[in-house]
Protein chains: 2
Amino acid sequence: MSGQQLAGINLMDVKTVCLGMLTDGEASGYDMKKCFESSFGHFFPAGYGSIYPALATLARNGLVEFEQVLQDGKPDRKVYNITEKGREALMEGLANANPAHKLRSEFLATLWFAHLMTAEQIDTVIDNKLAEINEFLEMIEEFQSIECPGTGQGAQFVAGYGKHMASAFRNYIEENRKLLTKPVLADVKSAAG
Amino acid sequence: MSGQQLAGINLMDVKTVCLGMLTDGEASGYDMKKCFESSFGHFFPAGYGSIYPALATLARNGLVEFEQVLQDGKPDRKVYNITEKGREALMEGLANANPAHKLRSEFLATLWFAHLMTAEQIDTVIDNKLAEINEFLEMIEEFQSIECPGTGQGAQFVAGYGKHMASAFRNYIEENRKLLTKPVLADVKSAAG
DNA sequence: CGCAACATGTAAGCGGTTACATGATTAC
DNA sequence: GTAATCATGTAACCGCTTACATGTTGCG
């Protein structure tokens with residue numbers, strides 16, 4: 001039970017990711033949100049409601065510092081920088097030897113019960129998901145992590161993961177969707193009877 | 001804003017999944033937990049702390065009925081059955097044309113920052129994840145959804161998904177892990193200088 | 001004229017996780 | 001004896017989501 005070593009950071013949560021982003025240089029919460037949207041969000045989503053409170057906590061605990069930057073025409077920015085204490089906390093976060101990789105799929109849960117759905121419903125659900133996947137693949141093709149601290153090896157590895165897995169997902173769906181709408185023997189019999 | 005049509009069920013949450021499981025016959029919360037553990041949990045995890053409250057809510061709202069079954073030696077069971085109202089609610093849950101499919105990966109978030117880690121740390125994280133994947137693949141091979149309402153087409157589709165994607169995951173990691181531990185040019189230079 | 005982009009935050013709510021609480025029987 | 005299986009539940013907590021709140025500049 002060593003617990004909360006440095007200000008409550010001991011795993012990969014939104015706070016830790018924000019710290020990590022700051023190792024590449026200063027940024028505002030708004031900047032980080034864009035980064036979550038473009039690259040990070042595909043495997044680790046976060047909205048303003050997570051990011052701003054995370055930054056506030058990090059600042060309270062001295063893991064980041066910020067300066068208020070006044071802009072003409074645009075709203076003020078709070079530009080954050082990571083501190084030495086923050087770097088240490090980040091290292092603790094990265095030290096977890098068993099980081100989770102969790103899927104929560106209402107999509108698969110729905111299709112598990114495909115036998116309770118109409119063929120039209122199933123087709124719609126699948127077509128929509130395929131469209132999503134294709135959109136994602138197009139996007140990942142366009143900007144390979146521009147405007148993010150993402151030129152490193154890790155970013156490449158993760159982007160490659162996204163591409164590889166999305167393709168595998170698409171292939172699986174396309175090759176196996178007929179399983180779901182194919183009438184079962186019992187139905188054929190009762191239709192004939 | 002049609003909202004909460006039948007007692008608050010309009011998407012694929014734990015409640016809806018429990019309803020779905022009951023279409024295959026009566027079951028207790030304990031039974032359902034086993035089902036979540038064996039098959040469902042890989043893409044839609046749930047523990048007792050989710051399941052029992054879910055069943056209580058479903059019962060309060062008349063979507064399921066139960067009878068207390070006294071057993072000798074063993075604790076009492078509450079055996080649940082779905083009601084007509086429950087079937088309707090389930091259909092509403094299944095009617096969502098855009099069910100989510102969400103990944104939250106601390107694993108990928110960690111590796112994004114691989115350049116801040118030692119080669120040993122990276123290797124450990126990856127080896128552990130590979131072991132997990134292999135365990136999963138062995139398990140999915142052994143029991144293709146025994147002891148679950150899972151003989152249907154949907155269950156087969158989902159099990160196939162698990163196998164296909166886990167293999168793709170493993171392949172990607174094995175073929176690309178060297179990207180992460182390979183020294184970058186700058187490091188080589190500074191080591192030489 | 002309206003909408004998107006810029007920019008930061010709060011508050012309420014919701015759903016899931018974890019820990020706690022209980023207790024008999026069976027298998028090692 | 002001690003751990004696992006059977007079996008159900010509550011309560012606290014934690015973290016993320018969503019909605020709300022505010023206000024300017026610039027573009028179409």
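Since the model is a prediction, treat every value here as computed from it, not as a measurement. Numbers restart at 1 for each chain; the letters A, B, ... are given by sequence-line order, proteins then strands.
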Notebook entry, point to check: Please walk me through it: do A:F169 and B:Y161 pass ring pair (Phe, Tyr, Trp, His ring centres under 6.0 Å)?
Noted result: CA-CA 8 Å; A:F169 195 4; B:Y161 166 92; 5.3 Å; yes

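Within the model, atoms CZ of B:F157 and CD1 of A:I122 stand 10.0 Å from one another, a figure rounded to the nearest 0.5 Å.
Note: CG (A:L55) to P (C:dA7) measures 15 Å, nearest angstrom. Straight-line distance from the NZ atom of B:K102 to the P atom of C:dG15: 12 Å, rounded to whole Å. Rounded to an integer number of Å, the gap from A:E26 CD to C:dA7 P is 13 Å. In this structure, A:M32 atom CE and C:dC6 atom P are separated by 16 Å, rounded to whole Å. Straight-line distance from the CG atom of B:D13 to the P atom of C:dG13: 19 Å, rounded to whole Å. Taking atom CG of residue A:L11 and atom P of nucleotide C:dT18, one finds them 11 Å apart after rounding to whole Å. A:E37 has its CD atom 15 Å from the C1' atom of D:dT17, to the nearest Å.
Ion pairing of A:K34 with A:E37 is absent here, as no side-chain N (NZ or NE/NH1/NH2) approaches a carboxylate O to less than 4.0 Å. The residues A:R104 and B:D13 are annotated as not salt-bridged, no charged nitrogen and carboxylate oxygen being separated by less than 4.0 angstrom. Ion pairing between B:E141 and B:K163 holds under the 4.0 Å rule for side-chain N and carboxylate O.
Of the residues B:V14, B:L94, B:L58, B:T83, the one that meets the side chain to side chain contact (heavy atoms under 4.5 Å, CB included) test with B:L19 is B:L58.
Between the side chains of A:T57 and A:R60, at least one donor N or O sits under 3.5 Å from an acceptor N or O.
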Grab the N/O contacts between the protein and nucleotides 4-12 of chain D below 3.5 Å, and write none if there aren't any.
from: D:dC6; atom 1: OP2; to: B:Y30; atom 2: OH; distance (Å): 3.1
from: D:dA7; atom 1: OP1; to: B:Q71; atom 2: OE1; distance (Å): 3.1
from: D:dA7; atom 1: OP1; to: B:Q71; atom 2: NE2; distance (Å): 2.5
from: D:dA7; atom 1: OP2; to: B:R77; atom 2: NH1; distance (Å): 3.2
from: D:dA7; atom 1: O3'; to: B:D76; atom 2: O; distance (Å): 3.3
from: D:dT8; atom 1: OP1; to: B:K78; atom 2: N; distance (Å): 2.8
from: D:dT8; atom 1: OP2; to: B:Y30; atom 2: N; distance (Å): 2.9
from: D:dT8; atom 1: OP2; to: B:Y52; atom 2: OH; distance (Å): 3.0
from: D:dG9; atom 1: OP1; to: B:K78; atom 2: NZ; distance (Å): 2.1

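For the residue pair A:P99 and B:T110, the shortest heavy atom distance occurs at CB-OG1, 3.8 Å.
For A:R104, a side-chain nitrogen or oxygen approaches OP1 or OP2 of C:dG16 to under 4.0 Å. Checking the phosphate oxygens (OP1, OP2) of C:dT17, a side-chain nitrogen or oxygen of B:S50 falls inside 4.0 Å.
The rotation axes computed at either terminus of the helix from C:dC1-D:dG28 to C:dC28-D:dG1 lie 40° apart, taking five pairs at each end and rounding to 10 degrees.
Shown here are the salt bridge (Lys or Arg N to Asp or Glu O under 4.0 Å) partners of B:R77, two or more places apart in sequence or in another chain: B:D31.
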